[in-house]
Amino acid sequence: MRIHIHQSTQYAYDEPIRAAVQILRTTPRPNDGQHISLWRVETDADARLKPGEDAFGNITHALYIDGAIQRLRLTVVGEVETSDTGGVLRGGLERLPVQVFLRETPLTLAGVDLRSYATDVTGGRHDRLDRLHDLLAAIHRDIAVSEEPAGQDTNAAKAFSQGQGCVQDLAHIFISAARHIGAPARFVSGHLFRHDEEVAHNAAHAWAEAHVEGLGWVGFDPVTGACPTDAYVRVASALDYLGAAPVRGARFGGGKEHLDVSLSVAAEPGWRGQ
Amino acid sequence: MSTVSAVRKVCWTIGDAMNSFDEMHGQGPQSVRGLYDKVKSWLDQTPSETMAARRAQAELFFRRIGITFAVYGEAEAGERLIPFDLIPRIISRSEWNLLERGLKQRVATLNAFLSDIYGQQSCLKAGIVPADLIYTNPQYRLEMVGRQAPHGVWVHIAGVDIVRTGERDFYVLEDNARTPSGVSYMLENREVMMRLAPELFANHHVAPVETYTDALLATLRSVAPRGAEADPTIVLLTPGRYNSAFYEHTFLADKLGIELVEGSDLFVRDDKVYMRTTVGPQRVDVIYRRLDDEFIDPLVFNPSSMLGVAGLMSAYLAGNVTLANAVGTGISDDKAVYSYMPDLVRFYTGDEPILQNVPTWRCREPEALSYVLDHLDELVVKEVGGSGGYGMLIGPTSSKDEIEMFRAKLRHAPDQFIAQPTLALSTCPTFVDQGVAPRHVDLRPFVLTGSDEVRITPGGLSRVALREGSLVVNSSQGGGTKDTWVLEA
Amino acid sequence: MLSRTADNLYWTARYVERADFLARVIDSALRLSALPASWSGASTEWESAIATSGAAPGFYALYGDANEQSVCDYLVFSPDNPSSIRSCINMARSNVRAVRTALTSETWEALNAAWNELNTVDPKMGAEEVSRFLEWVKGVSLMFDGSARRTMLRNDAYWFLRLGGAMERADNTARILDVKYHLLLPASESVGGGLDYFQWTTILREVSALTAYRWVYKENVKPWLIADLLILNKQMPRSMASCYDVVSRHLDYLGDLYGRRGPSQKLARAALARMNGLRIDDVFQTGLHEFIGQYLADHAKLGVAITEQYLQ
């Protein structure tokens, strides 16, 4: 599938900001399932973008602005050729040992209830891949997807107890549960082309990957209840949302911030999803 | 038989403290170790009123210059003095030589270990330390994996906690490779002592400690980024005036002649760090930071930190600024990692460890766990990532309920705990209400590692537990300090 | 010097000056309210004390009525008022504590001792105790200023202190005039009688200048001379012109030291030049209120310029 992505983020401030610094994780790396034909990150302000790489091997850009600016537009344009790999990630860049992804983080705290849930719903099977699929099905069945983004500080245990959450929360729930049953797991941010919806949505997608001996990293999307297909563009991965966040920033001055995000994920005409 | 358990900043006595090794009297109350001859006669000959007057003067001095520490949870009114004990704690040159060699070996090992686990990981491959202990530890900073600290130095400043149990028996209790504090007391205690008991200095050849600030400055200068100017700009980054060690931060910045900055005084532009000054932005080359990793950059670590500098890690990883200590040293402060130090010393230096480790049961290992569960009433149990005496059990003095509570904790998350036997800490003569009596002490020498050399100031901070019975040297719980002398002859 | 250090010094001086000003405002109001109503007229002294202190919005959010009790509460001890005397001394001390090494120990101790003493004061006090407390507050500012003047090196640290003090002082004097200008307008002269006299002397007391007035003008209290004393007279250290002399001079010292002059030097000089060429008649001709309004706007602009140039 050839997927076109156009994301535009417009920042407006009540007062001019004096300086700002942001770390962007908006640029995907290629793997066997995705070939990046084109990718551009641009701003309309007098800003410098310094490319780099974070701990997980994600491509980062440090964005520096100084001087009074009241408006800033950040544009990400990309074109990716994808193929279905059955949810298995191959040919990606791995910087860290797999065991690292057994770590619990503040956002992926499991809590007692989620732990026993994870044990229960995967209880019947021994094979790790089977257990992960059981877990995926259970979370997809039991946790509702809310359009409202949950609070920044919502961790897996809290989202689980509420029985619903945003796409990030569902990924966190899956990750926490997978780690509890011994599978290294991580958070993935990216884009999803949806046939069944309007082309324009204003939020990026997120899912999870878990490690299975012999197979490597396998994607699991608790929102769809399935493994990622060629409708997915994988951008960044980390221990949790915070590590893979598309933007983390700080600014000096500026008063109140107004954010306007538009995102379109479109497939090339003539392409049809399977 | 007395047992003394020691944990970070806390020591605990049971029974008769006189049976511990006493640094003045040796093993018997009648004898006096030669080292203390003159101090003993000074104590015997100085009228008690004179001593009382000097102690009052000392307190006045500390109050006037404002050496206080903030007690968490109290308002600014809760700035307290740490009691100072007038009787010096004395270490002979030959004892110090042993300590110094041991400390150098220890800190060299720490640096080699950190270079290794963030680099080749040969100690993991060789099975010296289990890989999952490192990989799943939040103090193992993933941002540093595959990176080297500037000039290969990770632990620029270590404040190693040492306790003594006998004539030649020194144990390392903690390595403190993050942001150790207390050095201002080492310096101020000496200052006060020289004013109040000049006659003692006249007949002892005491190694000076005043050289510490020069040594620290030289250390920090030696690790400036290679691109920095010949005269690098060094700053001390403090969490601010509400931090318990704020006095020390102002003290050191003043002595070093460098700016004391808070996170908001710094900013990062194009991967370079600047401080805001009245003449505009000024480039910063080296940051002596007294702020934990977790808070230094909200864009990489704790996003709600108001104390750090956004973009600092980008500048650090780009090699444009040096942080002392390096990012990621906390992994070596983990108490389970600590337990492997003797093996790590052998692995990296090929030599036997000079300083001993306190024997440690790692509860993550099933056999150790079952031993610990069977002997909870004899052991000290600590959280692997804990510090400051929090979250620990002192078996011999705990109630049945407390022990049972810990038993449940241990069963729930054994890998979060280690256990150690109780140790009989040495004592030193100390002024107490009833006169002079032996009190337990520990020792924190400071080890400086630059790109050029390792510098150790002869001396350190001796902390003393002032109350008899259940004693703590923790400054927030009635512990005091002593001037620490290394005698040249 | 770190911008934060400069900022702390500048604001320390402003807070100390503000505490002193509040003490004088309250003291004058107490005096006026002690007069028989037939002399002082409908008592508005507490409303105007609140207005002069610049704390009206916060005050009326908490209290319905401005009277001796409520105003003293709010302006002296209230922790809810960020500009109460207590808050000012707390803020000054807290600012200074963060930059202790930039001050001499004498200067630090002047404030630290005051802060320690303030912590022992019981906020529940009668009128007489309030008066004594206000005297103590004035003493604190004298101790602080005096210690700084007698012990500090003449460098940027000292200049930022002096700059902050003069900026606050200029602001305070202008604020008194902004609230009370109507009492000084020619029309009010004809009213005559006790009311105006006491109102006028209250203004003079608020700037501690009742005696100074006599020495300078050797005349009965006349409203336009009061205006002259507060606005243009350079013998009077709290006049707006005097304050600007100090502001401009210290900005120039800083500009020379740092080898660069910027917007703040330009604005301060321009303001000073305007005042130097003025006579009080001119001020009344353009309208006292308009003049004060313009002055306050320019003053605020200068404050922003100083902040942008040095303090952040």
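Below, chain A is the first sequence line, B the second, and so on; all start at residue 1. Bear in mind the structure is a predicted one, so any value in this text is a computation, not a measurement. Note that these values count all heavy atoms, side chains included, but never hydrogens, waters or copies made by symmetry.
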Note: vs chain C, highest number of non-hydrogen pairs under 4.5 angstrom among Thr278(B), Thr277(B), Val279(B) is Thr278(B)
Residue from Gly259(C), Ser105(C), Ala98(C), Ala6(C) scoring the most non-hydrogen pairs under 4.5 Å with chain B is Ala98(C)
Is atom CZ of Arg150(C) surrounded by more than 12 heavy atoms (other residues, nucleotides or ligands) closer than 6.0 Å? no
In terms of heavy-atom contacts, does CE of Met125(C) have more than 12 from other residues, nucleotides or ligands at under 6.0 Å? yes
Between Tyr244(C) and His299(C), does the ring centroid distance fall short of 6.0 Å? yes
Ion pair present between Arg190(B) and Asp483(B), side-chain N to carboxylate O less than 4.0 angstrom? yes
Contacting region of Val261(B) [heavy-atom separation from chain C under 4.5 Å]: both
Check whether Glu262(B) gets within reach of chain C through its side chain, its backbone, both or neither, counting any heavy atom under 4.5 Å. both
